[in-house]
Amino acid sequence: MPELPEVETVRRGLERTLVGRRFDEVTVGRERVARRTSRKELRDGLTGARVVRVDRRGKYLLLELDSDSVAMVHLRMSGQVVIDEGRTAPPAHSHVVADLDDGQRMLFIDPRTFGEVVVASRNEFEILIPELGRLGIDPLVDGVTIDDVVSMCCNRRRRVKSLLLDQSEIAGIGNIYADEICHRSGIRPDRQAHTLSRRSCRRLADSIVDVIEEAVDLGGSTLADAQYVGVDGEPGSYQDRHRVYARTGQRCITCGRGIIRRVMIDQRSSHFCPVCQR
DNA sequence: AAACAAACCTGTGCGC
DNA sequence: TGCGCACAGGTTTGTT
C-alpha cells in the first residue's frame, strides 16, 4: 500500500479519530512488530497515553502522546492501521490491538511483517530511529522547487528514478509515484540525472508536487489486491489515474502511440512510455 | 559514487 | 487440483 499519499490519507484518518483519545488495553501479538524495542515497551508506552497530535514525515507516521513519548508507525509493504468498533475478533495478522477510551479499537495489521511500531520518549526517539533525521524534503509540506531538483541532479550519474526513490533526497516517493512522476515529466526513469536540462528539472519539480497532491486528494492508490488505505477501510481512487504503473504492454494513454515498457531499476519494476518519455 | 544482491516475510497469481 | 516460480506499495546492509 503505502507511499506518501497513502500514509497521508491514514494520517488524516487518525487525526480525525485518534486525537484526544486514550489507549486503554493494548495487546502486542508478534514480537517482530516491536523489534526495535520490545513488546513490553510498546505495550507500556501506549497504555494510558492520550494522543495529542498525528504527524507524518515522509512515509513515517508519528503519534505525539501526552506522556512525553512519541509513537512511530511505519507500514512498509503491507501494513495497515484500522480503527473499528472492536466488536469482532481482530482479523488475521493484527499484531497490535489497542482499545480506545471511546469504545473503538485501533489495529495494526501487517501480513508481511516488515512494518513496525515504536514508542519512545522524546529524548531517545532520534537515537532509536536515526533514519528520521536523514529524511529529505517533504513534497506536500515543503514543496519542491526547480533549484531543489537541479541541485539533486547536477553531477549525479545516478538514474532519475533512483534519486526519486532516495528518501534522503525527497521523502515519501515510492515505486508507483516515481513512475507516474517520471511519466508526467516526460523523462525516462533510467535517464542519468546529470543529463537533464533546466527545463526538465522544472517539469520534474512540478510533477512531483502535482502527482503527490492529486494522489492525496484522491485518497491514494488501492491496487487489485485490495490492501485498504483509509483507517475506515475505504479504498483510494488514484489507481484509476495511473498512466504507466502496472500497464506493461498497454498503449500509452497520453500519446496514444507508445506501448508501455517495463525495466528493472534498483531492483524495482519500472514502467515508462518510450515515445513520450525521453 | 552508484549499481547490484540479498535479506526481512506472507500472499497471490500464473504457467504447466 | 496441485506445484513451483515470479512478483508485490519499503528499507537496510554488504558487496562489486
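Below, chains carry the letters A, B, ... as their sequence lines are ordered, and counting in each starts from 1.
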### Message
Can you list every stem that DNA chain C is part of, counting only runs of 3 or more consecutive Watson-Crick or G-U wobble pairs with both distances under 3.5 Å?
### Response
B:2-8 with C:10-16, B:10-16 with C:2-8
#### Entry: Rounded interatomic separation in angstrom, taking CD from A:E180 and P from C:dG9
13 Å
### Summary
By side chain to side chain donor-acceptor pair (under 3.5 Å), A:H93 pairs with (sequence neighbours left out) none
### Separation between the C1' atoms of C:dG9 and B:dA3, rounded to whole Å
22 Å
Compile the donor-acceptor pairs under 3.5 Å between side chains in residues 251-258 of chain A and protein atoms, sequence neighbours left out, one pair per line.
residue: A:R251; atom: NH1; partner: A:G256; partner atom: O; Å: 3.2
residue: A:R251; atom: NH1; partner: A:R257; partner atom: O; Å: 3.2
residue: A:T254; atom: OG1; partner: A:R243; partner atom: NH1; Å: 2.8

#### Entry: Between C:dC7 and B:dA6 - C1' atom distance, rounded Å
16 Å
### Summary
First and last nt of DNA chain B near chain A, cut-off under 4.0 Å to heavy atoms, 5' to 3', are B:dA2 to B:dG11
### Task
Check every strand shown and say whether A:Y238 touches a base, only sugar-phosphate, or nothing at a heavy-atom separation below 4.0 Å.
nothing
### Message
Both A:D225 and A:T113 contact DNA chain B. Which one's nearest nucleotide lies toward the 5' end?
### Response
A:T113
### Query
Which pairs pass salt bridge (charged side-chain N to carboxylate O under 4.0 Å, His left out) with one or both residues in residues 150-177 of chain A, sequence neighbours excluded?
A:R156-A:E169, A:R158-A:D166, A:R159-A:D266, A:K161-A:D179
### Query
Which part of the nucleic acid, if any, lies within reach of A:R30 when heavy atoms closer than 4.0 Å are counted: base, sugar-phosphate only, or nothing?
sugar-phosphate
#### Entry: Whole-angstrom distance between B:dA7 and C:dA6, as gauged at atom P
15 Å
### Task
Scan residues 90-115 of chain A for pairs that pass salt bridge (charged side-chain N to carboxylate O under 4.0 Å, His left out), counting only residues two or more places apart or in two chains.
A:R21-A:D101, A:R21-A:D102, A:R50-A:D101, A:D84-A:R105
### Query
Which comes earlier along DNA chain B counting from the 5' end, the contact point of A:R157 or that of A:H93, where each point is its nearest nucleotide?
A:R157
### Query
Mind checking who shares a hydrophobic cluster with A:I146, ILVMFWY linked at side-chain heavy-atom distances under 4.5 Å?
A:V150
### Query
Applying ring-ring contact (aromatic ring centres under 6.0 Å, His included), which residue pairs with at least one partner in residues 56-75 of chain A are found, sequence neighbours left out?
A:Y60-A:H74
### Message
List the residues meeting ring pair (Phe, Tyr, Trp, His ring centres under 6.0 Å) with A:F272, not counting sequence neighbours, and say none if there are none.
### Response
none
### Query
With sequence neighbours excluded, what pairs up with A:H271 under the ring pair (Phe, Tyr, Trp, His ring centres under 6.0 Å) test?
A:Y245
### Task
Verify the distance criterion only: is there a donor paired with an acceptor across the side chains of A:D148 and A:T145 at less than 3.5 Å?
yes
Show me the protein contacts with nucleotides 10-14 of chain C, counting only N or O atoms at under 3.5 Å.
residue: C:dG10; atom: OP1; partner: A:K59; partner atom: NZ; Å: 2.9
residue: C:dG10; atom: OP2; partner: A:N175; partner atom: N; Å: 3.2
residue: C:dG10; atom: OP2; partner: A:R268; partner atom: NH1; Å: 3.2
residue: C:dG10; atom: OP2; partner: A:R268; partner atom: NH2; Å: 2.4
residue: C:dG10; atom: N2; partner: A:R76; partner atom: NH1; Å: 3.3
residue: C:dT11; atom: OP1; partner: A:H74; partner atom: NE2; Å: 2.9
residue: C:dT11; atom: OP2; partner: A:K59; partner atom: NZ; Å: 2.7

### Query
What about A:V28 and A:M106, same hydrophobic cluster or not, with Ile/Leu/Val/Met/Phe/Trp/Tyr joined at side-chain heavy-atom distances under 4.5 Å?
yes
### Query
Tell me the salt bridge (charged side-chain N to carboxylate O under 4.0 Å, His left out) pairs involving residues 184-199 of chain A, sequence neighbours left out?
A:D147-A:R198, A:R184-A:E214, A:R188-A:D190
